[in-house]
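Because only heavy atoms are used, hydrogens play no part in the values below, and waters and symmetry mates are left out as well, while side chains stay in. Labels below follow one simple rule: chain letters A, B, ... track the order of the sequence lines, proteins then strands, and each chain is numbered from 1.
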There are 2 protein chains.
Amino acid sequence: MLSDVMEDYLKAIYTLQTEDGDPVATSAIAEYLDVTPPTVTSMVEKLEDRGLVEREKYKGVELTAEGETVALEVLRHHRLLEAYLTEHLDYSWSEVHDEADRLEHHISEEFERRVADALGDPEVDPHGDPIPSEDLAPIAEDDTTRLSDHTEGDTVVVARVSDRDDEELRYLSNAGITPGTRVRVVGVAPFGMVTVRVGERETPEASPNGESQGREQSLPESVAASIRVRRTETEGATPESGVGGA
Amino acid sequence: MLSDVMEDYLKAIYTLQTEDGDPVATSAIAEYLDVTPPTVTSMVEKLEDRGLVEREKYKGVELTAEGETVALEVLRHHRLLEAYLTEHLDYSWSEVHDEADRLEHHISEEFERRVADALGDPEVDPHGDPIPSEDLAPIAEDDTTRLSDHTEGDTVVVARVSDRDDEELRYLSNAGITPGTRVRVVGVAPFGMVTVRVGERETPEASPNGESQGREQSLPESVAASIRVRRTETEGATPESGVGGA
DNA sequence: GGTCGCATTTAGAGCCGTCTAAAGTTTAAG
DNA sequence: CTTAAACTTTAGACGGCTCTAAATGCGACC
């Protein structure tokens, strides 16, 4: 009964909200979905009428529990599709997002279940993003930090990369930086440019990144900020606190 | 650039047109798509503006070459999806149609190609319907006849069944009547009710219909008319001529 | 060959999602 | 504390797809 478009708004609000906990601004949604702010205002009113969001005029919008469930359902579809396309239809890591973005609104519960079965109920998609469980329970807070918040000497394992930018994904893929890759920060230049030495993957499995092994890679701040990492068990690698931000 | 809805109209016109060669009536499209006739008139005007159909007021509508290509593209998507869902996602024969009807409008060329690859470029879908080739060349006339046009004693092989009615499909599936099944007409009752003896499948492969083997099945006229059959090489089984019809 | 019934089209309306232009609110800067 | 800048909402419009009600055309039957 919800339109594709409504689902997109809920997904956008979910994504923007979980990034920083605050109510989501009209303009942020507009930018994320590439529409004008008045369009967002009118859509958000409809979502409010349906009890999917709560809103305070001029302040921002938040999902209700029901709205969040819808967002999680769509997200589950999206990420299962990404995983399926990668594993069973030979899509590469970076091609998968747009296809999933279209299909996520049109698959049945049946399809969702069969895809999940075929994959063995995975917990993360190929970009390392967690796949909401079948019961659509809220996703637990994650324990990752931004690569850009680390300093020289830290050794970390890549946990997640953003799935929204094809070009960035191709670049990282080329550089051998994928979820599971161990990297060591060898330098932080002004403006947040981070240089890392690419190590071997923790779980070597499918795609070995042989030729990138040991190479040094410099990453612009924006890219380093969208890479979420987890510290290795062997070394302390806690980032300085309070460096987060937009 | 075409909307889902436009694609549905083109597909409907294609289907209705190839059933009897004549221009397609507004009311036929309306019934097929479950909308009102005025809706069809206005949509058909838009399709005409785009050069996808030709139309004579109060007479009917036909696809242009371009319109037919679009219809074939959508049909290719639909039938590849039906085949894929059946072969790789464990869907049953009768569940597949609705899922394909939704997804057909939203898959990329990429997806189409990868699915076709995974299937090995099949020529027919699970219902026996021909899958348009990648170049979308018009589909050759088929050499099948309606089961309902045959008479007592004819032995034929099921070539295609309609994919539009779940219930009918489940019924036939239960009766062991699927594409490839050999049947012998043992009686034709008044009002076209046909009774057949179900034989073994020509290509035994995947789903054997063991328990239905040799059973007799009576099929109402409407069902027998939607089953397309091909005569066996061993016996003459040409239907009476000129019995075709809506 | 007229007339009646059915098919089709025209007319007018509504909802959805979007836009631009204008008006209103909030907030930060002076 | 005033005011300007930035953000948000209101107002009004449009194209897409659908509907109902009314007008029109076609064809068949007497």
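Residue A:E48 contributes atom CD, which lies 10 Å from atom P of D:dT9 at whole-angstrom precision. The NZ-P distance, from B:K59 to D:dT24, rounds to 19 Å in whole Å. The separation between B:E56 atom CD and C:dA7 atom P is 19 Å, rounded to whole Å.
Set against C:dT10, C:dC16, D:dT18, the side chain of A:K46 has C:dC16 as its closest nucleotide. For A:M43, whose side chain is taken as the heavy atoms from C-beta onward, the closest listed nucleotide among D:dT9, C:dG17, C:dT9 is C:dG17. Of the candidates D:dC19, C:dT25, C:dT20, the closest approach to any side-chain atom of A:P38 belongs to C:dT20.
Ring planes of A:H106 and B:H106: parallel class, angle under 30° (limits at 30 and 60°). Aromatic ring pairs are classed by plane angle as parallel below 30°, tilted from 30° to 60° and perpendicular above 60°; the pair A:H127 and A:W93 is parallel.
Between B:R55 and C:dT9, a side-chain N or O to OP1/OP2 separation shorter than 4.0 Å is present.
Residues from residues 3-14 of chain A that place a heavy atom under 4.0 Å from any atom of DNA chain C, listed by number: A:S3, A:V5, A:M6, A:Y9. Of the residues in residues 24-33 of chain B, B:A25, B:T26, B:S27 come within less than 4.0 Å of DNA chain C through at least one heavy atom, sorted by number.
DNA chain C is contacted by both A:T39 and A:K57; A:T39 maps to the nucleotide lying nearer its 5′ end (nearest heavy atom per residue).
With hydrogens and angles disregarded, a donor-acceptor distance shorter than 3.5 Å links the side chain of A:R114 to the backbone of B:D90.
By the neighbour-count criterion of 12 heavy atoms within 6.0 Å, atom CD of A:E54 is sparsely surrounded, having that number or fewer from other residues, nucleotides or ligands. In A:E110, the CD atom is crowded: over 12 heavy atoms of neighbouring residues, nucleotides or ligands sit closer than 6.0 Å.
The only member of B:V53, B:T64, B:V61 that meets side-chain contact (heavy atoms from CB on, under 4.5 Å) when paired with B:L47 is B:V53.
Among the heavy atoms of the strands lying under 4.0 Å from B:E45 are primed sugar atoms or P, OP1, OP2 only; no base atom is included.
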